[in-house]
J.: 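Have a look at this one.
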Amino acid sequence: SVKDDVTAEEFSRLESSLRNLKQQIEEIHSINVAAAVSNLDGQTLPGNRNIAALVDFASIEKYEVYEKHPAHLSVVEKNIKPLISPGSRAAIQFTS
């Protein structure tokens, strides 16, 4: 979850930085960014995440390039870590 004192401008910059990764990292197949993550009824739950990014790759190898890519690392350092409450960030990798 983002910190309580994050401004609308900072939140917008976070969303944009995540969406822009697709243009910077060719290994990304697709990226979807959702703000105000909620349940199926549209309710934002207390303590729930309020931004999510689903990043899809054609292979594990392409993910591994992304994971170490300077553009990705820059977004994490400049746009994610300063705005996210400590302990609330979750990164989950899975194959289907």
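Given the structure is predicted, the values throughout are model-derived calculations rather than measurements.
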J.: Check whether any side-chain heavy atom of Leu83 lies under 4.5 Å from a side-chain heavy atom of Lys3, and answer yes or no.
T.: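 Of all side-chain heavy-atom pairs linking Lys3 with Leu83, none is under 4.5 Å.
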J.: Considering all heavy atoms of both residues, which atom of His29 and which atom of Lys22 are nearest to each other, and what is their separation?
T.: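 Where His29 meets Lys22 most closely, the heavy atoms are O-CE, 3.1 Å.
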J.: State, yes or no, whether a side-chain contact exists between Asn20 and Ser17 at a heavy-atom distance under 4.5 Å.
T.: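 Result no, sub-4.5 Å side-chain heavy-atom pair not found.
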J.: Examine Ile25 and Val76 and state if one hydrophobic cluster contains both, with Ile, Leu, Val, Met, Phe, Trp and Tyr joined whenever side-chain heavy atoms are less than 4.5 Å apart.
T.: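 Yes.
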J.: Can you tell me how far apart CZ (Arg89) and CD1 (Ile84) are? Round to the nearest 0.5 Å.
T.: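 Spacing of CZ (Arg89) from CD1 (Ile84) equals 8.5 Å.
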J.: Using side-chain heavy atoms (C-beta onward) and a distance below 4.5 Å, is Val75 in contact with Leu21?
T.: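 Side-chain contact under 4.5 Å: yes.
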J.: Please round to the nearest 0.5 Å and tell me the distance separating atom NZ of Lys62 and atom CG of Asp56.
T.: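 So the NZ of Lys62 and the CG of Asp56 are separated by 11.0 Å.
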J.: Counting only heavy atoms not in Gln23, do more than 12 fall under 6.0 Å of its CD?
T.: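 Yes, because the 6.0 Å sphere around CD of Gln23 holds more than 12 heavy atoms from other groups.
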J.: To the closest 0.5 Å, what do you measure between NE2 (His69) and CD (Glu27)?
T.: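 Reported value, rounded in 0.5 Å steps: 6.5 Å.
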J.: If I compare all heavy atoms of Arg19 with all of Ile31, which pair ends up nearest, and what's the gap?
T.: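 For Arg19 versus Ile31, the nearest heavy atoms are O-CG2, 4.0 Å.
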J.: Which is it for Glu64 and Lys68 under the salt bridge (Lys or Arg N to Asp or Glu O under 4.0 Å) test, yes or no, and what are the steps along the way?
T.: CA-CA 7 Å; Glu64 290 171 342; Lys68 298 173 186 156; over 6 Å; no
J.: Using side-chain heavy atoms (C-beta onward) and a distance below 4.5 Å, is Leu18 in contact with Ile51?
T.: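 A side-chain contact under 4.5 Å exists here.
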J.: Indicate the ring-plane relationship of Tyr63 and Phe57, choosing parallel, tilted or perpendicular according to the 30° and 60° boundaries.
T.: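 Answer is perpendicular, since the angle exceeds 60°.
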J.: Which atom pair, heavy atoms only, marks the closest approach of Glu10 to Asp5?
T.: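 Smallest interatomic distance, heavy atoms only, reads OE1-O, 4.1 Å.
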J.: Less than 4.5 Å apart, any side-chain heavy atom of Ile80 and any of Leu14?
T.: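 Contact flag for Ile80/Leu14 side chains = yes.
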J.: Is the backbone N or O of Ser74 less than 3.5 Å from a side-chain atom of Glu77, with the two atoms forming a donor-acceptor pair by type?
T.: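 Not confirmed, Glu77 side chain does not pair with Ser74 backbone.
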J.: Hey, is the main chain of Ser88 close enough, under 3.5 Å, to the side chain of Ser85 for a donor-acceptor pair?
T.: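 Judged by distance alone, no pair lies under 3.5 Å.
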J.: To the closest 0.5 Å, what do you measure between CD (Glu26) and OH (Tyr66)?
T.: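 Reported to 0.5 Å precision, the distance equals 15.0 Å.
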